[in-house]
Amino acid sequence: MSDLPEVLILNGPNLNMLGVREPAIYGHETLADIESMCHDRAADLGLSVDFRQSNFEGELVSMIQQARDRAAGIIINPAGYTHTSVAIHDALKLSDLPVIELHLSNPHQRESFRHISYVTAVAKGSIAGFGSHGYVLGLDAMGRLLERDS
Ligand code: DHK
């Protein structure tokens, strides 16, 4: 356990398949590569990271609920659940934590079913279209938000 403010970085379904999943859209890096990038950036920013992935909506909801008392903020790539999940929207809202929505691709340049997000309304802001670098941008933005709030 560290005393540094903790950021929960939550990854939704199919993101465990990064590296082999449609690399032209999602890039060649694996989720483990991204996790290691996040730990490095968090260390620069004086933050700690709890990096998680699940393919199950209810598990993601439970992880968000558990973050309420522990984390300083949440960065979430809800993946396919972005476009469907009222339950994740509700959990993020009740967490009372600053939330940053993150996507590797830019969903607005893709199929119309990806143009709707149930998360945007409960997020401070959204980052999309920058590939894995979006996670670094997300941590930078979270660092700023937490500094401002402290
Ligand atoms: C990831 C997914 O798995 C898709 O379902 C979303 C998002 C986009 C991303 O770009 O990271 O539509």
Side-chain angles (χ1 to χ4, degrees), residues 5-45 47-68 70-146:
E6 181 182 292
V7 179
L8 174 64
I9 303 184
L10 209 46
N11 297 280
N14 300 307
L15 293 173
N16 55 315
M17 300 303 288
L18 288 180
V20 292
R21 177 190 183 200
E22 300 180 90
I25 295 176
Y26 296 107
H28 291 276
E29 277 154 317
T30 65
L31 197 60
D33 295 332
I34 293 176
E35 175 172 8
S36 136
M37 244 164 65
C38 286
H39 285 295
D40 289 351
R41 188 52 158 205
D44 293 343
L45 293 165
L47 300 170
S48 74
V49 157
D50 182 15
F51 194 93
R52 310 269 194 103
Q53 188 275 334
S54 176
N55 291 325
F56 299 95
E57 185 176 19
E59 205 162 61
L60 292 162
V61 167
S62 294
M63 288 175 189
I64 295 166
Q65 289 178 2
Q66 286 153 17
R68 193 172 196 277
R70 220 188 47 226
I74 300 175
I75 297 174
I76 182 166
N77 182 346
Y81 289 136
T82 308
H83 319 296
T84 62
S85 181
V86 175
I88 289 175
H89 167 108
D90 288 346
L92 290 169
K93 191 167 189 182
L94 85 82
S95 77
D96 242 353
L97 294 170
V99 172
I100 294 175
E101 177 184 15
L102 175 63
H103 304 286
L104 292 154
S105 67
N106 180 348
H108 292 281
Q109 291 181 335
R110 301 179 63 195
E111 304 96 321
S112 58
F113 64 82
R114 295 184 204 274
H115 297 178
I116 288 173
S117 168
Y118 283 79
V119 170
T120 305
V122 288
K124 287 266 187 196
S126 305
I127 295 169
F130 297 103
S132 60
H133 185 59
Y135 284 77
V136 172
L137 297 174
L139 277 167
D140 287 350
M142 185 61 79
R144 284 281 187 102
L145 280 177
L146 298 178

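Since this is a predicted model, take the numbers as computed values, not measurements. Heavy atoms only: backbone and side chains are in, while hydrogens, waters and symmetry mates are out. Each ligand, and each atom within it, is numbered from 1 in the order the structure gives.
In Leu104, the parts holding a heavy atom less than 4.0 Å from any atom of ligand 1 are both the side chain and the backbone. Only the side chain of Arg21 comes within 4.0 Å of ligand 1, judged by heavy-atom distances. Only side-chain heavy atoms of Arg114 come within less than 4.0 Å of ligand 1; its backbone N, CA, C and O stay farther off.
Looking at Glu101, its side chain never comes within 3.5 Å of a backbone N or O of Asn77 through a donor-acceptor pair.
Proximity of Ile9 to Leu139: side-chain heavy atoms (C-beta onward) are separated by under 4.5 Å at one or more points. Inter-residue side-chain proximity for Thr82 and Pro107 is flagged as unmet; no heavy-atom pair is nearer than 4.5 Å.
Put simply, CZ on Arg52 and CG on Leu60 are 10.5 Å apart, with the number rounded to the nearest 0.5 Å. Between atom NE2 of residue His103 and atom CG of residue Leu15 there is a gap of 10.5 Å, rounded to the nearest 0.5 Å. The structure places CD of Gln66 at 9.5 Å from CG of Leu8, a figure rounded to the nearest 0.5 Å.
In terms of polar-atom proximity, Pro107 is not counted as a contact of ligand 1, lacking any N or O under 3.5 Å from an N or O of the ligand.
Ligand 1 has Asn77 within reach: a non-hydrogen atom of the residue lies less than 4.0 Å from it. At least one heavy atom of Tyr26 sits less than 4.0 Å from an atom of ligand 1.
Those atoms of ligand 1 with a heavy atom of His83 less than 4.0 angstrom away are 6 (C), 12 (O).
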